[in-house]
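Right, one structure below, let's go through it.
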Amino acid sequence: MTPVKLYPSPPEKVYLFGTCLIDMFFPEAGLDAVRLLEREGIEVIFPDDQTCCGQPAYTSGYHNEARAVARAQLGLFPEDWPIIVPSGSCGGMMRKHYPSLFAGTADEARAESVAARVYELTEFLVHVCQLKLEDKGAAEKVAMHTSCSARREMGLADTGPALLAQLGQVDVVEQERAAECCGFGGTFAVRHPQVSAAMVEDKSQAIEAAGAQHFVTSDCGCLMNIGGRLAHRDSGVSGEHIASYLWRRTS
Amino acid sequence: MSQPVEIFTPQQFHRQAQDALGNPQVRANFRKAMDGLMVKRRDAFAEWQLEELRQLGANIRLRALSRLPDLLEQLEERCEANGIRVHWAEDGEQACRIVTDICQQHGARSVIKGKSMVSEEMHLNAHLDKAGIEALESDLGEYLVQLNEQTPSHIIMPAIHLNTDQISDIMHERTGTERTRDVDTMTAAARAQLRERFMAADVGVSGVNFAVAETGTLCLVENEGNGRMTTTVPPVHVAVTGIEKVVEHLADVPPLYALLTRSATGQHVTTYFNMISSPRRDGEHDGPREVHLVLVDNGRSRIYQDDELLDTLRCIRCGACMNHCPVYTRVGGHTYGTTYPGPIGSILMPHLLGLEATQDLPTASSLCGACGEVCPVKIPIPDLLVRLRREAVGEGEGNVPGAGVKRSTREVAAWKSWQWLATHPSAWRGTTGIIGKLRGLAPEHLGPWTEYRSAPKPAAVSLHTLIKRRRQEDQS
C-alpha cells in the first residue's frame, strides 16, 4: 500500500532547492516559485551553496560520485523547515533515493531528515498552502505534462492539473498517452538518442494534436526535451515551467 | 520469404534499435499491439482492489523465494511420490542433455512443444535438432515464429511483431496455405497442420507457470488447448521450468493466476488451466505414461545470493512491463537480442549472459517507472536497472558476471570533474556565471541531441545570481 502522507499547516519559512537545470537554463522558474510562496506569506530561504541533487550520476550508476555531491547538499537545510523542489525528478531523488544512498553511513539521519521534508512545488502549493488562484490571463488551451518522476516516484499525477484547473480562462486539453515518458531520462537521451527522439516526437505530436497553444510541465528536463523538439520543428506550441505559468497568469 | 531473417544479438542493441526505428512496419505493429494490451489490462483490473492484490502477489512470491531451497526439495519429494520423475540442471546445456536423453531413451524422432520460455533460453530446439529429433512448436505464435525461422519477440505473444498480411505470407510460403486476410481461415489451417503432429509426436515438452511444492502439482496457463494436447497426447511428457517458479501452497496459485492473466492479456481467466499431478494412473483413459520435470538453474541461484537482485526472481512472466515500456513499444522485442526482452529482460539477461554481452540493456530505459508501476508482483525494476548500471561501471557489489565492463577512463573523469564542481559551491557559481556570459557562443549542434531538438541555451543570469540581486534590492 502507498503510505498516506499527512500534510502540515503552512509553515512560516521554507527552503528552496532550485535544481541545477533551473539554475542554469530556467532561472525565472526558480524565482517564480519564490514569488508564489512569498505571496502565501511564507519566507523562502535559498541556501547559496546548493549545486545539484546528484541524480545524473546516481542514475548512471556512479553512486560514489552521486553520494559525494548529495552529501554536500545535506548540510544546507539545518532548521526543520520544509524543502521545496520545483522538480519531480530532483524531488524524487531527494525523497526516495537519499535514504538508501546514505543507509549505514554517518549521514543516514541527515538524509532521512531531508527526505522527510522534501516537497515538490505543486504538491506543496496544493496540499500545504491549499493555494487559491485567480486567473488574470486571456483564454487559451494548455496541455499539462507531468514528469514520470513526479507521477510515479512521488505519486503526484494530480497536483499540477489541480492547480491549472483553478485558472478560469485556461482550457486544459487532454493529450493522448499523457502518462507516457517524453524520452528525456537524463543520460538516456544521450546514450540512446534515436529511441529518445522517437519518444519525444510522439509526445510533441500528441500535445499538438490535442490543440494546445502551450504546454506546461513540472520538470525542466521534460521542458528542455519537449520544448527543444517543438522548437526544432518550428511548432507554434511553446513550453513553460508550471511555476512561471502560474505566476504569469495570476500576478 | 516475406522478410529477411536476421540474427539479433544483445551486444548490438544500439544498432538494432536504430534499424527498428527506421522500420515503420515494426513500429506500427508494436504500437498498435501494446496500446491495445494496455487498455485491456486497465479494464480487467477496474473491478479489482488492484493494489491489495499486487501486494498479495508480491508477498506470495517473496515468501516462496525466502524458502526456495526447502520448497524445491519438497517439490521434488511430492512429485516423485506422485510418480513424476524430477531432474536437476545447473545450466541450459545440461537441461538440454536431460531432455534429449529422455527422448532418446524412448527412441523419439518427433517432439511437440507447448510454449516454454525457458526452453528458448536454453536453445532446446537447436539441441534436439542436432540429435536428429524434430521439435515443433504448437503455440500458434511460436509456430508462426518457428516457420519464419525467428525467435519470439514477446514472452506472451511471440509473433506480436507480425501483422495479418505478414502472417498470411509466411503461412503461404512455408505451408502452402492459401493467401488470405481472414484470421479464422489461417487459424483453422494452422490447427489442421498441428493436429496431425500432436497425434504423431513421441514426446511432449511444456513449460510450467507455477510448481506447487505442497502437492507436487505443475500448473500450466494457456488459451489454445495446445498445452493440454502437448501434455496429454504423447506417451511421454517433459515439463521444463526455472527453479524460481515454485510456490509453497496450492492456495497461492489463484491470486497469482488472477494477476498473471489480467496483467498479460487483460483476461479474467484463460480458456485452459492445466494442473498436472501425475502420469496416467491405472484405469485412466488418457494422459502420458511418463511425466518428467526438469528444474533449470542456469544462473538463477547466483541471483538468489544477492538480497537486492533476488527480486528479479519474483517474476511470473506476464509481460506487462513490456506492454507498458515506451522503449519496448518503439523498438520491439527482437532489438534486445535476448530470450526475455523489455524491462524484465534488461534485469534478468545480464545475470544469464553476463554484462559483457548485455552492457547496453540496463541503460535502455528512461527509468520512467511504468514497468515497476504495472508489475503484478511489484518487482522494483527501475531500482534494479540502476543497480545493474552500478555493476556495469564497477560501483556495485560485483555479484553480476562481467561487473565493471562499462567503466571507462573518460566517463569516470567526467563524473569526477562534475563531482568536484558540485562540491565546491563558489566554483559552481563561477562556472555557471561564465557559461551565462558566454551563452552567445553556446554550440548550436550537440551531437545526436540537436538532430531532433533545438540546443538548450544557458540563461544569461543564473538563479543564484537572480536571488542575490533580489536580496540586494530588498536591502536598498
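Note: hydrogens, waters and symmetry copies are ignored here, and every other heavy atom, side chains too, is used.
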Flag side-chain contact, heavy atom, 4.5 Å: [X] against [Y]:
X      : Y      : value
A:V216 : A:S244 : no
B:R41  : B:H324 : yes
A:S204 : A:V237 : no
A:P86  : A:H241 : yes
A:Q73  : A:C53  : no
A:F25  : A:L223 : no
A:I242 : A:M144 : yes

Is the ring pair B:H334/B:F8 parallel, tilted or perpendicular, if the boundaries are 30 and 60 degrees? parallel

Please identify, among [options], the residue contributing the most non-hydrogen atom pairs under 4.5 Å to chain A.
options                        : answer
B:R390, B:E395, B:H14, B:Q419  : B:E395
B:T363, B:T450, B:T329         : B:T363
B:V393, B:T432, B:L21          : B:V393
B:S454, B:P425, B:A455         : B:S454
B:L446, B:L385, B:D383, B:V331 : B:D383
B:G396, B:P448, B:P456         : B:P456

Atom group of [X] that falls short of 4.5 Å from chain A, counting heavy atoms:
X      : result
B:W415 : both
B:K468 : neither
B:A17  : side chain
B:R439 : neither
B:T465 : neither
B:R471 : side chain
B:E391 : neither
B:R387 : neither

Does a sphere of radius 6.0 Å around [atom1] in [X] hold more than 12 heavy atoms from other residues, nucleotides or ligands, not counting ones at 6.0 Å or beyond?
X      : atom1 : result
A:K96  : NZ    : yes
B:Q25  : CD    : yes
A:E174 : CD    : no
A:E208 : CD    : yes

Greatest number of heavy atom pairs closer than 4.5 Å to chain B - which of [options]:
options                      : value
A:E65, A:M199, A:M224        : A:E65
A:N225, A:L31, A:I22         : A:N225
A:V44, A:L16, A:V195         : A:V195
A:C20, A:G18, A:P56          : A:P56
A:Q50, A:R233, A:E28         : A:Q50
A:G227, A:S100, A:S60, A:A66 : A:S60

Steps toward salt bridge (Lys or Arg N to Asp or Glu O under 4.0 Å) verdict (A:D202, B:R330): CA-CA 10 Å; A:D202 289 354; B:R330 293 328 185 282; 3.0 Å; yes

From A:C90 SG over to A:L21 CG, what is the distance, rounded to the nearest 0.5 angstrom? 6.5 Å

Look up atom OG1 in B:T423 and atom CZ in A:R71, then write down how far apart they are to the nearest 0.5 Å. 10.5 Å

Determine whether A:Y58 and A:H97 satisfy the following criterion, side-chain hydrogen bond (donor to acceptor under 3.5 Å, both in side chains), listing intermediate values before the conclusion. CA-CA 9 Å; A:Y58 181 83; A:H97 301 300; 3.2 Å; yes

Run the numbers on B:R469 and B:E473 for salt bridge (Lys or Arg N to Asp or Glu O under 4.0 Å), then give the verdict. CA-CA 6 Å; B:R469 284 184 191 165; B:E473 281 165 23; over 6 Å; no

Dump the intermediate steps for salt bridge (Lys or Arg N to Asp or Glu O under 4.0 Å) on B:D360 and B:R15, then the final yes or no. CA-CA 11 Å; B:D360 274 343; B:R15 189 187 60 72; over 6 Å; no

Members of residues 145-157 of chain A whose heavy atoms come closer than 4.5 Å to chain B: A:C148, A:R152

Residues 179-192 of chain A: residues contacting chain B (heavy atom under 4.5 Å, by number): A:E180, A:C181, A:F184, A:G185, A:T187, A:F188, A:A189, A:R191, A:H192

Chi angles and distances behind the side-chain contact (heavy atoms from CB on, under 4.5 Å) call for B:H424, A:T51: CA-CA 9 Å; B:H424 291 79; A:T51 55; over 6 Å; no

Proximal component of A:R177, with respect to chain B [non-hydrogen, under 4.5 Å]: side chain

Heavy-atom proximity to chain B below 4.5 Å, by part of A:V34: side chain

Any chance the rings of B:Y328 and B:F30 have centres within less than 6.0 Å? yes

